[in-house]
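Quantities reported herein were computed from a predicted structural model and do not represent experimental measurements. As a basis for the values below, the full set of heavy atoms in this structure was taken, side chains included, without hydrogen atoms, waters or symmetry mates. Remember, it's 1-based here, ligands and their atoms both numbered in the order they're listed.
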Amino acid sequence: MKQTAVTFRQAKGQRKLAMLTAYDATIARLMDDHVDAVLVGDSLGMVMLGRPDTLSVTMDQMIHHCAAVSRGLTRPLLVCDMPFMSYHLSPQQACANAGRLVQEGRAQAVKLEGGRHFCPQVEAIVQASIPVMGHLGLTPQSLHSMGGYKVQGRGREAAQALLDDARALEQAGVFAIVLECVPAPLAALVSRSVGVPTIGIGAGPDCDGQVLVWQDMLGMVDGLSPKFVKHYAELGTAMRQAFQTYADEVRAGTFPAAEHTYGMDEKDLEKLY
Ligand code: KIV
Ligand code: NA
């Protein structure tokens with residue numbers, strides 16, 4: 001069945017929601033039968049474009065990748081991130097840019113980072129009939145003001161603030177809320193306290209769904225990965241082995257073999273010069 005923001009919202013309490021990121025049509029096609037929603041995350045700045053953070057990602061980049069993902073999807077809900085500074089200035093700016101993600105990127109919903117301060121933006125986009133997903137906890141676009149990537153919501157005041165933000169977002173009309181790097185007991189409390197699904201990443205098992213970056217969950221990212229990343233395959237290792245074997249065979253002349261090669265009647269080559 002085709003998933004929509006409506007079916008996604010209604011899943012709360014009925015079934016758990018599985019979401020993954022994607023940035024291109026080939027990967028989207030591979031996920032098509034298997035997840036409820038696909039997110040074109042602004043993590044594309046890091047995993048696709050090699051940037052150190054998400055801050056430099058542009059609207060045009062998001063649209064380019066979202067449109068590519070849309071061509072690979074038939075069933076899951078397609079959600080696209082609003083990049084840094086594409087919704088911060090005003091509800092009008094937020095609405096215009098959300099509209100571009102839908103019209104040019106073929107997104108079926110948008111996601112933006114932040115709590116009560118961004119409720120006017122959420123309301124304006126929802127008014128324009130574009131479903132909005134919230135994002136609380138570790139919000140990577142706030143890297144500099146958070147003082148780094150760290151667990152959010154620890155301590156009584158921070159926990160209350162996160163809970164208030166979740167309630168404010170629900171009131172503003174979001175259909176779901178991502179909780180990133182939030183202690184599991186707080187994520188569980190937020191999940192019980194709002195009527196929309198919570199989608200966790202590093203937020204424990206009691207969220208209504210989960211999301212992961214696909215390169216992370218397939219073991220393709222080098223270096224230290226956060227605690228919440230589970231590797232469902234070691235594709236990074238498998239790919240390096242394949243690249244090495246290919247290079248070895250090319251150098252040895254064993255690839256291509258007969259079965260990879262087109263023939264012809266060699267008489268047709270006689271007396272050619
Ligand atoms: O950009 C992204 O990939 C995200 C998810 C990790 C939630 O926002
Ligand atoms: Na993001």
Looking at [Y], is its backbone amide N or carbonyl O close enough to the side chain of [X] to form a donor-acceptor pair, meaning the two atoms are under 3.5 Å apart?
X	Y	answer
Asp32	Leu73	no
Ser86	Asn97	no
Glu123	Pro91	no

List the steps, then state whether side-chain hydrogen bond (donor to acceptor under 3.5 Å, both in side chains) holds for Gln141 with Tyr87. CA-CA 12 Å; Gln141 292 174 15; Tyr87 56 96; 2.8 Å; yes
In this structure, which one of Gln108, Met133, Gln3 forms a side chain to side chain contact (heavy atoms under 4.5 Å, CB included) with Phe8? Met133
Rounded to the nearest 0.5 Å, what's the gap from CD on Glu113 to NE2 on His88? Could you check? 7.0 Å
Please give me the protein atoms (N, O or S only) lying under 3.0 Å from the Na ion (ligand 2), ordered by chain and number. Asp42 OD1, Asp81 OD2
Neighbour list for ligand 1 [protein residues, heavy atom under 4.0 Å]: Thr21, Leu39, Gly41, Asp42, Ser43, Asp81, Lys111, His135, Val178, Ile201, Val211, Val213
Assess whether salt bridge (Lys or Arg N to Asp or Glu O under 4.0 Å) is satisfied between Asp222 and Arg240, documenting all intermediate values. CA-CA 12 Å; Asp222 283 329; Arg240 271 199 198 86; 2.9 Å; yes
Could you work out, with side chain to side chain donor-acceptor pair (under 3.5 Å) as the rule, every residue matching Asp53, not counting sequence neighbours? none
Under 4.5 Å side-chain linkage, directly or through intermediates, the cluster mates of Phe255: Tyr246, Val250
